[in-house]
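This one's a predicted model, so the numbers in the text were calculated from it and none came from an experiment. Chain identifiers are assigned alphabetically (A, B, ...) following the order of the sequence lines, protein sequences preceding nucleic acid strands; residue numbering begins at 1 within each chain.
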Amino acid sequence: MPSGTTAAVSGLAFTPTAAALEAAIAFVSEHDERGGAVDAALRREALARYDALPAPGGRPSRGWKYDYANLPFDDLRWTSGRVEMPALPARPTARPATAGDVDLDRPALATENAGGLYFLGATHVDAPSNVDAKVTLLALDGQTVRDFEASLDGVLHEIVDWRADKLAALTTAFQNCGAYVHVPDNVQLDDPIQLIFASAPDDEAVFPHVVVVLGKNARATVIERHLGAGDPFVCGIVEVQAGAGAELDYAIVQQAGEAARVMFSRNARCEHDAQVRWHLAELGGALTRTVLGVRLDAPGGRAETSALFFNTGAQHVDLLSGVDHTVGPTTSDTVVRSAATDRGQGRYVGNIVIRPKAHGSDASLRDDALLLSKRAHIDSIPALEIAANDVKAFHGATVGSLDEDALFYAGSRGIARGEALRLITLGFFEPVIARFPGESLRDEIRTALDRKLDDATELDV
Amino acid sequence: MSTLGLIARDLRVAVDNKEILKGIDLTVEPGRVHALMGPNGSGKSTLAFTLAGHPGYTVLSGSASLDGEELLELPPDKRAKAGLFLSFQYPAAIPGVSVANFLRTARMAVRPEDLNPAKFRKLVFEKLDTLDMDPAFLGRYVNDGFSGGEKKRLEMLQLAILAPKYAVLDETDSGLDIDALQSVGNSVNALRNSDEGKDIGFLVITHYPRILKHVPADVVHIMIDGRIVKSGGPELADEIERDGYDAVRDEVAAARA
């Protein structure tokens with residue numbers, strides 16, 4: 001089959017069953033000449049794990065509607081493949097035409113310097129990219145897995161423990177898109193690499209698997225975006241390997257459609273003196289569940305996790321972060337800010353584990369939640385497990401409402417209560433926003449939060 | 001009858017069902033400085049918060065107006081828009097909101113039509129200079145981690161930038177060292193000597209007379225136990241400095257007896 005043709009979104013009806021999996025396996029072998037990133041045997045094993053594993057978490061609060069054991073998968077379609085982007089129009093500027101110029105009627109795609117990969121649903125949109133020639137940036141499919149077997153060894157399917165994570169097992173079984181990013185030793189990128197997941201008009205079951213490998217002393221920024229007006233079920237895996245001395249900023253801006261369900265298990269492994277910084281802005285979707293982990297396996301490793309979510313309407317957000325200090329000295333710094341209004345429900349679980357060999361390590365975990373309406377609810381559950389001596393560990397958590405003194409103070413300066421509330425709420429998120437890479441990305445998040453404030457209906461508590 | 005002025009009439013105010021202000025009558029005229037002095041707990045700050053519209057204060061009776069506009073029914077922001085400014089004794093922190101953003105938002109709120117960004121910037125830098133403030137201040141979060149002196153300087157910066165019709169300075173001198181007090185005084189005087197500031201009426205609330213050495217008062221009122229018991233010229237402040245509040249208290253008790 002010539003490249004650039006495939007399957008439209010039609011695909012198959014999706015359910016997490018053996019019959020659907022066999023149909024998917026047949027679909028890939030029939031329609032995708034590059035093959036799937038996951039072979040049939042592993043898919044079957046993963047589905048068996050999915051069936052065997054318990055659903056994650058309980059219902060944290062009375063307003064929580066979702067039961068992970070019984071998520072409805074009605075009317076979802078599953079497909080896999082690629083389409084070629086039509087030739088790009090010439091641009092009048094000196095800058096070469098980039099994939100970022102592609103207009104899919106979604107303004108966020110037109111980001112400058114947007115070298116990256118694009119997915120419409122699970123379909124890889126094959127478009128030219130201006131990413132540095134030294135970087136490997138490919139769709140994660142069978143051909144890619146075969147071509148880069150050596151550098152994927154010990155990484156692919158190994159960094160996220162899908163055998164112990166029901167949703168990651170589901171992703172492994174039904175994986176239908178993904179990306180492979182490899183930044184070689186000593187290559188330091190100025191511009192971010194973008195991975196854009198736009199929802200297709202039809203409601204799709206999208207199972208992305210992203211692998212990012214940074215060589216020694218490599219430096220890169222990856223921005224993963226979720227956007228579009230559709231209401232997909234997205235359940236993905238992100239695996240990151242940071243080589244000695246490497247530095248990765250990995251930012252996620254999730255602005256999926258309002259009925260979308262977006263779930264990700266993301267984990268990173270740091271070698272000597274490597275630094276991984278997760279940045280998460282969880283803004284869209286009806287139900288989102290995110291796991292952000294870092295394993296510090298060698299001395300000098302550092303993990304920074306910065307996450308924010310803001311639940312409006314009836315949004316539910318489940319966020320889990322974990323840092324595993326397996327050796328010392330390693331450091332981690334986790335900062336989470338969350339707010340909820342209307343009937344928004346949230347849960348944050350923050351784990352820090354400092355194992356017996358991790359002496360000299362330093363871990364800090366700080367999370368603050370802001371409730372803006374009476375029906376909103378956020379649970380905050382930080383947990384530190386320390387098995388080494390001679391370590392520094394800090395954790396602090398607050399759940400509160402807006403500071404009346406600050407509201408009055410702003411009021412006394414002529415700032416009306418509604419506007420003061422907006423100012424103070426946006427300010428509340430600022431410590432996390434300030435850690436995102438790049439002023440344009442930070443402004444984008446501020447604007448998105450501002451819009452969410454516009455949409456909130458129950459703001460005054 | 002002229003209604004110009006920041007005027008309280010028979011103002012009685014309770015906090016947590018306890019009457020704190022027991023009938024205040026006071027008129028601050030445009031361009032004049034009134035000092036309100038009194039011992040701790042006499043109700044000075046209660047008057048300041050009541051005028052500014054703090055929700056924790058219940059007005060039992062009386063009225064307050066600003067150049068004829070009734071204040072008591074208005075929310076705090078409308079009072080500021082009417083021309084009232086309160087310099088807080090303990091200004092609240094607003095983490096995550098930069099001083100620059102806050103100043104711009106406040107100025108836009110009280111005077112929506114004027115000043116393009118370049119002119120606004122020029123104004124801010126002028127006022128920073130008057131107050132001996134480092135422009136790096138603008139990038140910090142409002143009162144977040146500020147020292148006592150920095151907080152008061154920021155209050156004075158806002159006063160200068162918002163240029164209200166009436167300003168209530170609540171214990172602006174407390175917690176300030178000599179240098180900080182001097183720069184606060186300079187800032188107020190510079191404002192009073194400017195075109196936009198010459199008509200500002202001030203109510204300077206203080207426990208100690210020392211701020212009045214920098215910002216001379218035209219009228220001094222002594223408040224004790226929720227009432228203004230004595231009013232007079234600047235010499236009244238000297239009297240307090242010499243004899244303390246007990247002398248006034250005794251005098252009032254004697255007059256009642």
Side-chain angles (χ1 to χ4, degrees), chain A residues 281 306-310 335-339 366-370 372 396 398 400-436 439 442-443 445-450 452-453 459-461, chain B residues 48-57 71 74-99 101-112 139-145 151 154-155 157-159 161-165 167-168 170:
Chain A
S306 319
L308 64 86
F309 61 84
F310 182 23
V335 179
V336 176
R337 292 268 163 137
S338 59
R366 167 96 231 170
D367 87 276
D368 298 279
L370 180 61
L372 296 167
T398 64
S401 50
L402 279 178
D403 179 1
E404 277 299 329
D405 288 340
L407 282 168
F408 174 61
Y409 184 70
S412 79
R413 300 306 183 239
I415 301 169
R417 191 173 171 91
E419 200 181 351
L421 193 145
R422 170 183 298 264
L423 201 64
I424 295 167
T425 303
L426 291 176
F428 168 78
F429 286 113
E430 197 57 34
V432 170
I433 298 171
R435 289 162 53 133
F436 272 70
E439 190 57 27
R442 292 191 284 270
D443 273 341
I445 291 163
R446 291 181 187 113
T447 304
L449 288 167
D450 206 38
K452 288 192 67 110
L453 277 163
L459 263 185
D460 224 341
V461 290
Chain B
F49 276 128
T50 302
L51 291 172
H54 192 289
Y57 295 77
L71 291 179
L74 300 177
D77 63 294
K78 295 268 174 60
R79 300 184 193 205
K81 285 170 183 132
L84 182 68
F85 179 89
L86 169 62
S87 169
F88 285 63
Q89 185 177 5
Y90 303 109
I94 311 184
V97 177
S98 71
V99 168
N101 185 13
F102 189 71
L103 290 174
R104 196 166 46 236
T105 307
R107 172 84 188 200
M108 290 282 286
V110 296
R111 298 179 176 204
R140 293 174 65 188
Y141 296 155
V142 175
N143 291 319
D144 193 23
K151 285 180 185 172
L154 179 56
E155 294 297 280
L157 181 65
Q158 293 177 67
L159 167 65
I161 284 168
L162 300 180
K165 291 178 180 159
V168 178
D170 188 8

Legend entry - Rounded distance (nearest 0.5 Å) linking atom CZ of B:Arg107 with atom CG of B:Leu162: 7.5 Å

Legend entry - Interatomic distance, A:Ile424 atom CD1 to B:Phe102 atom CZ [nearest 0.5 angstrom]: 8.0 Å

Legend entry - Under 4.5 Å from any heavy atom of chain B - which part of A:Asp403: side chain

Legend entry - Structural part of A:Ala410 lying under 4.5 Å from a heavy atom of chain B: both

Legend entry - Non-neighbouring partners of B:Ser98 that pass side chain to side chain contact (heavy atoms under 4.5 Å, CB included), sequence neighbours left out: B:Ala100, B:Asn101

Inset, instruction - May I ask you to name which of A:Glu430, A:Glu419, A:Arg413 has the most heavy-atom pairs under 4.5 Å with chain B? - result: A:Arg413

Inset, instruction - Go through the atoms of B:Tyr141 and report whether side chain, backbone, both or neither lie under 4.5 Å from a heavy atom of chain A. - result: side chain

Taking only distance into account, with no hydrogens and no angle test, what donor-acceptor pairs under 3.5 Å do side-chain atoms of residues 75-88 of chain B form with protein atoms, sequence neighbours excluded?
{"from": "B:Asp77", "atom 1": "OD2", "to": "B:Lys81", "atom 2": "NZ", "distance (Å)": "3.1"}
{"from": "B:Arg79", "atom 1": "NE", "to": "B:Leu71", "atom 2": "O", "distance (Å)": "3.1"}
{"from": "B:Arg79", "atom 1": "NE", "to": "B:Leu74", "atom 2": "O", "distance (Å)": "2.8"}
{"from": "B:Arg79", "atom 1": "NH1", "to": "B:Thr50", "atom 2": "O", "distance (Å)": "2.8"}
{"from": "B:Arg79", "atom 1": "NH1", "to": "B:Leu51", "atom 2": "O", "distance (Å)": "2.9"}
{"from": "B:Arg79", "atom 1": "NH2", "to": "B:Leu71", "atom 2": "O", "distance (Å)": "3.3"}
{"from": "B:Arg79", "atom 1": "NH2", "to": "B:Leu72", "atom 2": "O", "distance (Å)": "3.1"}
{"from": "B:Arg79", "atom 1": "NH2", "to": "B:Leu74", "atom 2": "O", "distance (Å)": "3.1"}
{"from": "B:Lys81", "atom 1": "NZ", "to": "A:Gly414", "atom 2": "O", "distance (Å)": "3.2"}
{"from": "B:Ser87", "atom 1": "OG", "to": "B:Thr172", "atom 2": "OG1", "distance (Å)": "3.2"}

